[in-house]
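No experiment lies behind these values; they were computed from the predicted model shown. When a ligand or atom number is given, it counts from 1 through the structure's own listing order.
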Amino acid sequence: MSADQVVVHATPALLAESAAARLITSIVDAQTSRGRASIVLTGGSTGIAVLASVNASPARDAVDWQRVEIWWGDERFVPASDKERNDLQAYDALLGAVPVDPARVHRVPSSDGKFGDDAAAAAAWYADQLTMVNNEAGPWFDVLMLGLGEEGHTASIFPESPAAYDEGVTCAVRDCPKPPPTRVSMTFPTLARADEVWMMTAGGGKADAVGKALGGADRTRVPAAGPKGRRRTLWLLDQAATGS
Ligand SMILES: O=C(O)[C@H](O)[C@@H](O)[C@H](O)[C@H](O)COP(=O)(O)O
């Protein structure tokens, strides 16, 4: 596994624009070489800003949006219409403006969906979808995007939480320190199934977590240290998140 690569941009806006350009190119490259592309979206301000930048990009429609498999690394387990939903924020930022194939947009069930308030059942269903769709050898995802929190969480895996030790495909997260409290998250084994992992964050508040993760912290204590791409792991940061 190659060493993590760090790319630093002067501002959060440049980070979002650059990551958006990188994402468009990565999807086009995957579709050219493999006939399809599979990406994992993240919630959080940086993750959504990247999607908005993709939508605003003149190159947006270089992507064949019909042939993109779209997943979420984590989702807030709230009603489908709740603006806290990562999928709703992704639709507002990008997915509502491009011709995605609904059958290829893999949304995590909501708390008012077919499993009611059973987050574990929703997580299990999502795990089944992941294993059913990704039934070939090799990476499940071309690009897996993640944010991270000031205390080092990524997706909805928080330090020293049960999710940090879960060896399944997905898990239900309860009493999450970051509201909303109940979520569904991919686990470390699933976050390890990407060709490329992009850790994307901005702001001085994240500098300590970034430094610890890049410094080889244990993933159970600093979950952002865990996810690594099979071919490449990129840290896409603004200057403030480097702490310098
Ligand atoms: O659903 C979520 O909340 C996200 O997946 C979460 O992991 C997020 O990416 C980080 O908390 C960073 O969020 P910010 O970029 O807003 O700080």
Under 4.0 Å from a heavy atom of [X]: which atoms of ligand 1 are those, numbered in the order shown and with their elements?
X	result
Asn86	1 (O)
Thr42	5 (O), 9 (O)
Ser45	14 (P), 15 (O), 16 (O)
Gly147	9 (O)
Arg183	1 (O), 2 (C), 3 (O)
Arg76	1 (O), 2 (C), 3 (O)

Pair Glu167-Thr187, side-chain donor/acceptor within less than 3.5 Å: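 Judged by distance alone, the side chains do not pair up.
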Is it the case that atom CZ in Arg221 sees more than 12 heavy atoms from other parts of the structure closer than 6.0 Å? no
Heavy atoms from other residues, nucleotides or ligands near CG of Asp175 exceed 12 (cutoff 6.0 Å):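 No, CG of Asp175 has 12 or fewer neighbouring heavy atoms, counting only those of other groups under 6.0 Å.
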Within the structure, is a non-hydrogen atom of Thr201 found at a distance of less than 4.0 Å from ligand 1? no
Measure the distances from the heavy atoms of Glu150 to every atom of ligand 1 and state whether one is below 4.0 angstrom. no
Trace of the side-chain contact (heavy atoms from CB on, under 4.5 Å) decision for Ile70 with Arg104: CA-CA 6 Å; Ile70 296 170; Arg104 290 182 164 160; over 6 Å; no
Among all the protein's non-hydrogen atoms, which is closest to [atom], and how far away is it?
atom	result
atom 17 (O) of ligand 1	Lys206 NZ, 2.6 Å
atom 5 (O) of ligand 1	Asp74 OD1, 2.7 Å
atom 10 (C) of ligand 1	His153 NE2, 3.4 Å
atom 12 (C) of ligand 1	Leu148 O, 3.4 Å

To the nearest 0.5 Å, atom CG of Leu234 lies from atom CG of Leu236 at 5.0 Å
Nearest-0.5 Å distance that lies between atom CZ in Arg232 and atom OG in Ser26: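 Result: 7.0 Å between the selected atoms.
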Under the salt bridge (charged side-chain N to carboxylate O under 4.0 Å, His left out) rule, collect the residues that match up with Arg76, sequence neighbours excluded. Glu84
Would you say Gly43 has any N or O atom under 3.5 Å from an N or O of ligand 1, going by distance alone? yes
Does an N or O from Thr154, backbone or side chain, lie closer than 3.5 Å to an N or O of ligand 1? no
Do Tyr126 and Trp71 have ring centroids that are under 6.0 Å from one another?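 Centroid distance Trp71-Tyr126: below 6.0 Å, so yes.
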Find out if a path of hydrophobic residues (ILVMFWY) with successive side-chain heavy-atom gaps under 4.5 Å connects Val222 to Val173. no
Does Val210 belong to the same Ile/Leu/Val/Met/Phe/Trp/Tyr cluster as Phe158, with side-chain heavy atoms less than 4.5 Å apart forming each link? no
What part of Ala155 sits under 4.0 Å from ligand 1 if we count only heavy atoms: the side chain, the backbone, both or neither? backbone
Measure Glu75 to ligand 1 on non-hydrogen atoms and call it side chain, backbone, both or neither using the 4.0 Å cut-off. neither
